[in-house]
Enquirer: 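Dropping a structure here in structure tokens format, bear with me for questions.
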Amino acid sequence: MPLELNILTIKGISVRFGGLQVLNNIDIQVNRNTIHGIIGPNGAGKTTLFNVITGLIRSDSGTISLEGKELPYVKPYQLVSLGFARTFQNIRLFKEMSVLDNVMIGQHIHTPTPIFSIMINGKKSRHYEKVAKEKALEALKFMGIEEKAQETVSNLSYGQQKLVEFARALAAQPKIILLDEPAAGMHPTEKANLLNIVDRLREKGYTIILIEHDMKLVMNICDMISVLDHGKVITQGRPEEVRNNKDVISAYLGKGEYVNARNKRN
Ligand SMILES: Nc1ncnc2c1ncn2[C@@H]1O[C@H](COP(=O)(O)OP(=O)(O)OP(=O)(O)O)[C@@H](O)[C@H]1O
């Protein structure tokens with residue numbers, strides 16, 4: 001049976017915080033093996049949408065389905081087992097632990113070692129640890145930082161720490177990787193590297209959903225883009241369609257980013 005094109009369906013998602021309607025009837029379809037950008041001005045509701053997808057916030061209405069199956073409401077730590085991995089706007093690593101240990105943590109869900117086996121450091125436990133280590137090193141290699149495996153995270157540059165987060169997400173063997181402003185705080189060389197990594201992740205068959213303010217990066221890399229403004233999807237389409245949409249232009253007008261992106265392209 002051929003794989004369905006659609007992998008994630010977000011349908012009718014609404015969230016209200018007190019008097020503020022932060023998400024209003026959001027419908028988004030994400031296709032398999034694509035890079036899907038979620039953009040919009042500050043406060044549009046992008047991170048809230050990620051928080052709903054990843055179980056940090058419960059929506060007031062609507063459903064999220066992965067590969068045609070409606071997702072149950074799960075705790076964030078159970079999300080990996082459903083096939084999601086996420087990075088956050090602010091780096092969330094154990095700074096005094098090694099790079100390798102940080103990446104191995106991303107896989108604990110795939111290592112169902114019985115507690116008794118862990119206590120006696122049994123054969124099963126050693127096996128799972130070996131597999132987890134191999135996967136972690138593979139992910140670090142993919143990010144081009146395998147030589148940093150034994151370093152303490154706090155010794156790494158900001159850009160390298162971001163790559164450790166991506167490696168941790170990748171090592172969890174997800175179906176969908178959610179990246180929340182991955183390029184924030186990166187300098188141009190690091191951004192170019194990030195672009196290359198995200199492109200290679202798609203080549204490897206991953207589906208990536210990306211929140212990003214860097215319009216040049218978004219327009220360069222995304223297959224599809226959904227634009228949020230005041231909690232609503234104002235348009236969706238390919239970069240070239242979104243770029244010239246009048247609602248998108250007016251949502252960004254005065255903020256400069258969109259206009260800058262257009263000027264840089266033209
Ligand atoms: N826990 C919360 N309680 C109340 N209001 C919230 C909460 N989280 C977010 N908001 C509000 O919801 C709106 C959407 O916030 P959200 O962080 O989702 O926007 P965003 O598009 O990700 O913005 P940015 O690009 O600045 O990160 C904002 O007005 C924000 O102040």
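Atom set for the values below is all heavy atoms of this structure, side chains included, hydrogens, waters and symmetry mates excluded. All ligand and atom numbering here is 1-based and tracks the order in the structure.
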Enquirer: I need the atoms of ligand 1 closer than 4.0 Å to a non-hydrogen atom of Gln89, numbered in the order shown.
Expert: 27 (O)
Enquirer: Any side-chain heavy atom of Asp101 sitting closer than 4.5 Å to one from Phe94?
Expert: no
Enquirer: Among all protein heavy atoms in this structure, tell me which lies nearest to atom 21 (O) of ligand 1, with the distance rounded to 0.1 Å.
Expert: Lys46 NZ, 2.8 Å
Enquirer: What residue and heavy atom of the protein are closest to atom 16 (P) of ligand 1, and at what distance?
Expert: Thr48 OG1, 3.6 Å
Enquirer: Give a yes or no on whether atom 14 (C) of ligand 1 lies under 4.0 Å from any heavy atom of the protein.
Expert: yes
Enquirer: May I ask you to decide whether Lys130 forms a salt bridge with Glu134, counting only side-chain N to carboxylate O separations under 4.0 Å?
Expert: yes
Enquirer: Please examine the side chains of Lys148 and Met143, heavy atoms only from C-beta on, and report whether any two atoms are closer than 4.5 Å.
Expert: no
Enquirer: Could you go step by step and tell me if Ile28 and Leu49 meet the side chain to side chain contact (heavy atoms under 4.5 Å, CB included) rule?
Expert: CA-CA 11 Å; Ile28 295 176; Leu49 182 62; 3.8 Å; yes
Enquirer: From atom 31 (O) of ligand 1, is the closest protein heavy-atom distance below 4.0 Å?
Expert: no
Enquirer: Do the non-hydrogen side-chain atoms of Glu190 and Ser157 ever get within less than 4.5 Å of each other?
Expert: yes
Enquirer: Indicate yes or no for a side-chain donor-acceptor contact from Asp223 to the backbone of Ile35 under 3.5 Å, with no hydrogens or angles considered.
Expert: yes
Enquirer: Any nitrogen or oxygen of Ala44, main chain or side chain, under 3.5 Å from a nitrogen or oxygen of ligand 1?
Expert: yes
Enquirer: Starting from the C-alpha separation in whole Å, work towards a yes-or-no answer on side-chain hydrogen bond (donor to acceptor under 3.5 Å, both in side chains) for His36 and Thr207.
Expert: CA-CA 8 Å; His36 194 114; Thr207 304; over 6 Å; no
Enquirer: Tell me the nearest of Gly43, Gly40, Ala184, Gly231 to atom 24 (P) of ligand 1, using heavy-atom distances.
Expert: Gly43
Enquirer: How far is atom 19 (O) of ligand 1 from its nearest protein heavy atom, and which residue and atom name does that atom have?
Expert: Gly45 N, 3.3 Å
Enquirer: Salt-bridged, Glu67 to Lys175, with N to O below 4.0 Å?
Expert: yes
Enquirer: To which protein heavy atom is atom 17 (O) of ligand 1 closest, and what is the distance rounded to 0.1 Å?
Expert: Thr47 CB, 3.8 Å
Enquirer: Run the numbers for me: atoms of ligand 1, each under 4.0 Å from some heavy atom of Leu20, listed by number.
Expert: 29 (O)
Enquirer: Got a second to check how far Leu228's CG is from Gln236's CD, nearest 0.5 Å?
Expert: 8.5 Å
Enquirer: Starting from atom 8 (N) of ligand 1, which protein heavy atom do you reach first, and at what distance in Å?
Expert: Phe17 CE1, 3.4 Å
Enquirer: For ligand 1, which atoms, with element, lie under 4.0 Å from some heavy atom of His213?
Expert: 25 (O)
Enquirer: Tell me which protein heavy atom sits closest to atom 26 (O) of ligand 1, plus the residue, atom name and distance to 0.1 Å.
Expert: Asn42 OD1, 3.2 Å
Enquirer: Can you find an N/O atom of Val22 closer than 3.5 Å to an N/O atom of ligand 1?
Expert: no
